[in-house]
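The structure appears below as structure tokens.
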Protein chains: 2
Amino acid sequence: MSKAGKKAYSIIRSRILSGDFPPKTHLKEEELTTLCDVSRTPIREALRSLAADYYVEIIPNRGTFVTDWSSDDVEDIFNMRMLLEGYAAQQAVVKATPEDIEELTTYCNNIDLLLSQDGPIDVEAFLAENRLFHRKLWQASGSKRLSALLLRLVAQPVVARTVMAYTRQDIRRKNEHHREIIEAIKAKDSAWARSIMSSHILAARHVYTLAFLDDPS
Amino acid sequence: MSKAGKKAYSIIRSRILSGDFPPKTHLKEEELTTLCDVSRTPIREALRSLAADYYVEIIPNRGTFVTDWSSDDVEDIFNMRMLLEGYAAQQAVVKATPEDIEELTTYCNNIDLLLSQDGPIDVEAFLAENRLFHRKLWQASGSKRLSALLLRLVAQPVVARTVMAYTRQDIRRKNEHHREIIEAIKAKDSAWARSIMSSHILAARHVYTLAFLDDPS
DNA sequence: TTCTTCTATATTGTATACAAAGTTCTTAAA
DNA sequence: TTTAAGAACTTTGTATACAATATAGAAGAA
């Protein structure tokens, strides 16, 4: 995607995530041109791209509508991530270079640094490092297709919401998982790497479930 | 995608699959307009869509290029299919309705009918029924996202090529797998369903490997 | 000759006008 | 009052013109 299209994509996406465009909303191209200050051509490009990432659904000759998510969808996304990220970790055992391992370690150290600081934890900073760790691992798995698939999966609105629920304790545990994955890679133990990564995603699902789905009344 | 865009998508895709547009080819929008007899707007739409399906890669301000596949990619696609289709089969155990099961059975019967006929087997007809079986199973799993993901995975050029290598024996075995999956669903045994589906995909990988990657000189 | 820079050309990116399809509202008949 | 048909309007789809960017080639300096 190019300049104007990217701009439109990012503006529309953030409006969807913020709730300005709730599920089922009909996104009209003409209105979006004034919102994004670009012409309809890049707007349409952005909408197609958002559809590829499952943010919206395009019905030919009818229009573009914001997709709505059920709790089944949340379950699905976590399960698919468990499978695919587990596979990525397994492949990384075979494909990762010493440089890859070093880079992964750096991200772990950065998160530890955040944890060691006093006061409320900087969740945004953690998320940035966390994202870097995971993407690096996908890349280290050596499969561009796997990376592309996972990129789309974790871009999902449900995943974007998950993060708000993390406590200091959760983050500490997540980083321990990261370190264990690195160890498994160093030990060339693909089953271990895969298993830890699966646990890692399942733990995230648990945090999400507690925070958003249960109603402790 | 709409009328003109779909037309362009299908024409360009078939040219890629046929080898008319080999890997790394620079697909120029202007040239494609004469080939597809539509304007550049739907051509661009088709190219974006082809990029979403990994047929081509778009580099901003540079152009669109046909992606090239390595044998690692083939391995990857089969492995991811094994994971995701296995998951689909597992979910189908929980979600499938009696009508779904009936429909799946019909496709199995159709394939048996093909096998019972004399003379060389109609591979194209088998493929059609096979595709229907798999897609029905994805749909029965109840996850639209999983369906969308798998649809893109099996659309890959490498997968499209696989099919040419099937013998009568291979097809018979594949249909036996199909029937066993149905049985597992009826028995509400998700582990069995998943396991058979994984075997099913691994067997396909084996056939592919024998036919295209080994060189029995 | 070789390298750099500038210009010409080719190609992609964006805006806009017009066409086609869908939606809504009005009006007339049952 | 309800339904059906049709016209007016809205929205998406397609073509095309123009702008921005990248590429290739030519001219000039080292």
Side-chain angles (χ1 to χ4, degrees), chain A residues 1-16 20-68 144 148 151-152 155, chain B residues 1-16 20-68 144 148 151-152 155:
Chain A
M1 224 171 359
S2 205
K3 214 177 141 201
K6 226 165 188 153
K7 179 181 170 189
Y9 178 96
S10 137
I11 291 175
I12 298 167
R13 177 177 176 275
S14 73
R15 291 278 176 142
I16 292 173
D20 276 354
F21 295 148
K24 304 262 186 187
T25 304
H26 185 180
L27 299 178
K28 291 165 191 169
E29 296 173 356
E30 194 56 50
E31 288 176 14
L32 295 174
T33 59
T34 59
L35 174 67
C36 303
D37 196 39
V38 295
S39 83
R40 270 184 62 213
T41 308
I43 290 287
R44 285 173 66 82
E45 190 190 3
L47 289 176
R48 303 301 145 114
S49 201
L50 287 162
D53 294 347
Y54 311 112
Y55 286 104
V56 301
E57 244 176 302
I58 297 174
I59 303 172
N61 288 313
R62 298 279 301 276
T64 303
F65 303 85
V66 179
T67 58
D68 64 339
K144 284 177 73 176
L151 198 63
R152 283 186 183 154
Chain B
M1 226 173 356
S2 206
K3 214 178 144 200
K6 226 166 187 152
K7 180 182 171 188
Y9 178 95
S10 137
I11 291 176
I12 298 167
R13 176 177 177 276
S14 72
R15 292 278 176 142
I16 292 173
D20 276 353
F21 294 149
K24 306 261 187 186
T25 304
H26 185 179
L27 299 177
K28 291 166 191 169
E29 296 173 357
E30 194 54 51
E31 288 176 15
L32 295 174
T33 59
T34 59
L35 174 68
C36 303
D37 196 38
V38 295
S39 83
R40 269 183 63 211
T41 309
I43 291 285
R44 284 173 67 83
E45 190 189 2
L47 290 176
R48 298 312 202 264
S49 200
L50 286 162
D53 295 348
Y54 312 112
Y55 286 103
V56 301
E57 245 176 302
I58 297 174
I59 304 172
N61 288 314
R62 297 279 302 275
T64 304
F65 303 85
V66 179
T67 58
D68 64 338
K144 284 178 75 176
L151 199 63
R152 284 187 183 152

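Letters go in sequence order (proteins before strands), and every chain restarts at 1.
For B:Phe65, the ring pair (Phe, Tyr, Trp, His ring centres under 6.0 Å) test picks out B:His26, with sequence neighbours left out. The side-chain contact (heavy atoms from CB on, under 4.5 Å) search around A:Asn61 returns B:Ser2, not counting sequence neighbours. For A:Lys144, the salt bridge (charged side-chain N to carboxylate O under 4.0 Å, His left out) criterion is met by B:Glu57, not counting sequence neighbours. By the ring pair (Phe, Tyr, Trp, His ring centres under 6.0 Å) test, A:Tyr9 is found to be paired with no residue, residues two or more places apart in sequence or in another chain being considered. Not counting sequence neighbours, A:Lys6 has no partner by the salt bridge (charged side-chain N to carboxylate O under 4.0 Å, His left out) test. For A:Ser39, the side-chain contact (heavy atoms from CB on, under 4.5 Å) test picks out A:Thr41, A:Pro42, with sequence neighbours left out.
Among the protein residues, B:Ile58 comes within range of no part of the nucleic acid, since none of its heavy atoms lies under 4.0 Å from any strand.
Contacts between residues 3-12 of chain B and DNA chain D, defined by a heavy-atom separation under 4.0 Å, are made by B:Lys3, B:Ala4. Looking at residues 39-47 of chain B, you'll see B:Arg40, B:Arg44 sit with a heavy atom under 4.0 Å from some atom of DNA chain C.
Applying the salt bridge (Lys or Arg N to Asp or Glu O under 4.0 Å) test to residues at least two apart or on different chains, the pairs with a partner in residues 31-41 of chain A are A:Glu29-A:Arg40. Here ring pair (Phe, Tyr, Trp, His ring centres under 6.0 Å) pairs that include residues 30-50 of chain B, with residues two or more places apart or in two chains, number zero.
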> side-chain contact (heavy atoms from CB on, under 4.5 Å) between B:Leu47 and B:Leu32: does it pass, once the steps are laid out?
Replying inline: CA-CA 10 Å; B:Leu47 290 176; B:Leu32 295 174; 4.0 Å; yes
> Hey, mind stepping through A:Arg15 and A:Leu35 against side-chain contact (heavy atoms from CB on, under 4.5 Å) and telling me if it holds?
Replying inline: CA-CA 10 Å; A:Arg15 291 278 176 142; A:Leu35 174 67; 3.4 Å; yes
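Side chain of A:Thr67 to backbone of A:Tyr55: a donor-acceptor contact under 3.5 angstrom is found. Distance alone, capped at 3.5 Å, places no donor-acceptor pair between the B:Thr25 side chain and the B:Val66 backbone.
Taking the 5' to 3' direction, DNA chain D first and last meets chain A under 4.0 angstrom from a heavy atom at D:dT11 to D:dT14.
In this model, the phosphate group of C:dA10 is not approached by any side-chain N or O of B:His26 to a distance below 4.0 Å at OP1 or OP2.
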Are there any protein N/O atoms within less than 3.5 Å of an N/O atom in nucleotides 22-24 of chain C, and if so, which ones and at what distance?
from, atom 1, to, atom 2, distance (Å)
C:dT23, OP1, A:Arg62, NE, 2.4
C:dT23, OP1, A:Arg62, NH2, 3.3

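Nearest heavy atoms, B:Met1 versus B:Ser49: CE-OG, 3.7 Å.
Rounded to an integer number of Å, the gap from NZ of B:Lys28 to C1' of C:dA10 is 8 Å.
Residue order along DNA chain C, read from the 5' end via each residue's closest nucleotide, puts B:Glu29 first among A:Val38 and B:Glu29.
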